[in-house]
Amino acid sequence: MSAITYELLHVDKNSGARRGVVHTPHGDIQTPVFMPVGTQATVKAMTPEELKEEVKAEIILGNTYHLFLRPGHDLIKEAGGLHKFMNWDRPILTDSGGFQVFSLGQAGLRKITEEGAEFRSYLDGSKHYITPESSIEIQQALGSDIMMCFDECCPYPSTYEYTKASMERTTRWAERCKNAWTKENQGLFGIIQGGFFKDLRDISLKDLEAMDFPGYAIGGISVGEPKEEFLDILNYTGPKMPENKPRYLMGVGSPDYLIEAALAGIDMCDCVLPTRLARHGTAFSANGKIVIKNKKYERDFSPLDSECDCYTCKNYTKAYIRHLINMNEILGMRLLSIHNLRFLTKLMERVRIEIEHDNLKNFRDEFYKKYGYTK
RNA sequence: GGGUAGGUGGUCGAGUGGUUAAUGGCACCAGACUGUAAAUCUGGCGACGAGAGUCUACGUUGGUUCGAAUCCAACCCUGCCCA
């Protein structure tokens, strides 16, 4: 019996959208789901209680690379695992460090070899090597419910040759990750790469499927490309992924992308966007983004979103939050973080209902119209 | 009253004869952010003008000079020290 299993409840008759449940050792996840990111064993500015009671988050992420550097996976293991260390008893998914191969590579802080990736720490310049085997070792020490294969997320744009070589290496790394995986109470997901080339996506998917992972992710999109290209790969790859396993789209978190992901049959998405935007002073709302610093909100004594049920919207006005953000007060970032995260979890609750009613496409169109997206 | 330091754009503060509408910081006004090197980054910020450009600016007045925020004189104001 695998640690991670997927139960399909309903498929939207008018799209490929799936309503389901992911079963994990720390409980069930209703899907499609949005997963807040808590890189350094904390969803920035949020307590676990707020994540449960206000945000209603079902699962959060942690990061292999960051926790390996500080405080160290051995320390977290000693603490009793990541769940206990950070006081979060619901499911946790850990990213493998693969995204840092991308993001630190952009900054020239990383070298890739067949063996793995050498990082120069952004903390103190020290050198660290992460291999598929060590990534799994770290993730097993952290004790996440869902581990991710160590992969390379290619920059956009990349050439066909580079993308192909990278994808093939990611596949070899996936095999090594699978071989290094020993803990039965943790699941391991394969990551489909191949950039913006459909034939490479097909090869990646086929090769990973042969390895029979308990779940699959699409990596390497939402890396700065135009929305059309994002949708092109998403809609091409999503529906081809195994039906009996969770489908995870990595790194997506704007409201429109989340709805599009669900329409493409995706079950899980994660993103730093809501929390980062919050700290930078921007809020989601049904009527579009709100840059709260803008002068027009100076005397706006209404909530961020009159339809929102979050703690922030029930108790605070735009004018007050604007004041807090302008004064660089921590509470401003906290209130916006609660709101942005709740906005997305509530959006996904709605998406699940619309799927059950075979109505997600219509909902998408209505949502776009109100939000101000042109599509 | 004597001595001394100083008065610069919203503010703090560089600049001490000519690429100076005047470095920076802050404030202010916008923009960006998508598996977190991110409570970060980018742009704007004298007035008028779409723009080329024009005008007005470094306490006040006057002077030296081809040219002054920068040099000189007087005056006004502020801080500190002494009486």
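Heavy atoms only: backbone and side chains are in, while hydrogens, waters and symmetry mates are out. Throughout, protein chains are lettered first and strands after them, A, B, ... in sequence-line order, and every chain is numbered starting at 1.
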Pairwise ring pair (Phe, Tyr, Trp, His ring centres under 6.0 Å) hits with a residue in residues 47-83 of chain A, at least two apart: His26(A)-His83(A), Tyr65(A)-Phe119(A), His66(A)-Tyr122(A), Phe68(A)-His73(A), Phe68(A)-His128(A)
Count the heavy atoms belonging to other residues, nucleotides or ligands that lie under 6.0 Å from CD1 of Ile330(A), then report whether that count exceeds 12. no
Heavy atoms from other residues, nucleotides or ligands near NZ of Lys361(A) exceed 12 (cutoff 6.0 Å): no
RNA chain B-proximal residues of residues 152-167 of chain A, any heavy atom under 4.0 Å: Cys153(A)
Partner set under salt bridge (Lys or Arg N to Asp or Glu O under 4.0 Å) for Lys240(A), not counting sequence neighbours: Asp202(A)
Hydrophobic cluster partners of Phe197(A) (side-chain heavy atoms under 4.5 Å): Tyr160(A), Met167(A), Leu200(A), Ile203(A)
Under the rule of Watson-Crick or G-U wobble with both distances under 3.5 Å, where | means paired to another strand and [ ] a crossing pair, RNA chain B maps to ((((((((.[[[..)..(.....]]].(((((.......))))).(((....)))...[[[[[..)....]]]]]))))))).
Identify, residue by residue, the members of residues 36-45 of chain A with a heavy atom below 4.0 Å from RNA chain B, and return them in order of residue number, or none. Val37(A), Thr39(A), Lys44(A)
Where along residues 261-288 of chain A does a heavy atom come under 4.0 Å from RNA chain B, residue by residue in number order? Asp270(A), Cys271(A), Val272(A), Leu273(A), Thr275(A), Arg276(A), Leu277(A), Arg279(A), His280(A), Thr282(A)
Looking at Lys227(A) and Asp256(A), is any side-chain nitrogen of the basic one under 4.0 Å from a carboxylate oxygen of the acidic one? yes
How does the hydrophobic cluster around Tyr236(A) look, that is, which other residues are in it when side-chain heavy atoms under 4.5 Å mark a link? none
Give a yes or no on whether Lys164(A) atom NZ has more than 12 heavy-atom contacts from other residues, nucleotides or ligands under 6.0 Å away. no
Just checking, is any N or O donor in the side chain of Glu152(A) or Ser166(A) under 3.5 Å from an acceptor N or O on the other one? yes
Between rU60(B) and rG67(B) - C1' atom distance, rounded Å: 22 Å
N/O contacts under 3.5 Å, protein versus nucleotides 28-31 of chain B?
unit_1: rC29(B); atom_1: OP1; unit_2: Arg322(A); atom_2: NH2; d: 3.0
unit_1: rA30(B); atom_1: OP1; unit_2: Lys295(A); atom_2: N; d: 3.2
unit_1: rA30(B); atom_1: OP2; unit_2: Lys295(A); atom_2: N; d: 3.4
unit_1: rG31(B); atom_1: OP2; unit_2: Asn294(A); atom_2: OD1; d: 3.2
unit_1: rG31(B); atom_1: OP2; unit_2: Asn294(A); atom_2: ND2; d: 3.3

Which residues in residues 50-68 of chain A have a heavy atom closer than 4.0 Å to any atom of RNA chain B? Leu61(A), Asn63(A), His66(A)
Cluster partners of Ile29(A), using ILVMFWY side-chain heavy atoms under 4.5 angstrom, listed by chain and number? Ile4(A), Tyr6(A), Leu8(A), Val11(A), Val22(A), Val33(A), Met35(A), Val37(A), Ile59(A), Leu61(A), Leu93(A), Ile146(A), Met148(A), Phe189(A), Ile191(A), Tyr248(A), Met250(A), Met268(A), Val272(A)
For RNA chain B, which residues of residues 100-120 of chain A approach it to below 4.0 angstrom with any heavy atom? Gln100(A), Ser103(A), Leu104(A), Ala107(A), Leu109(A)
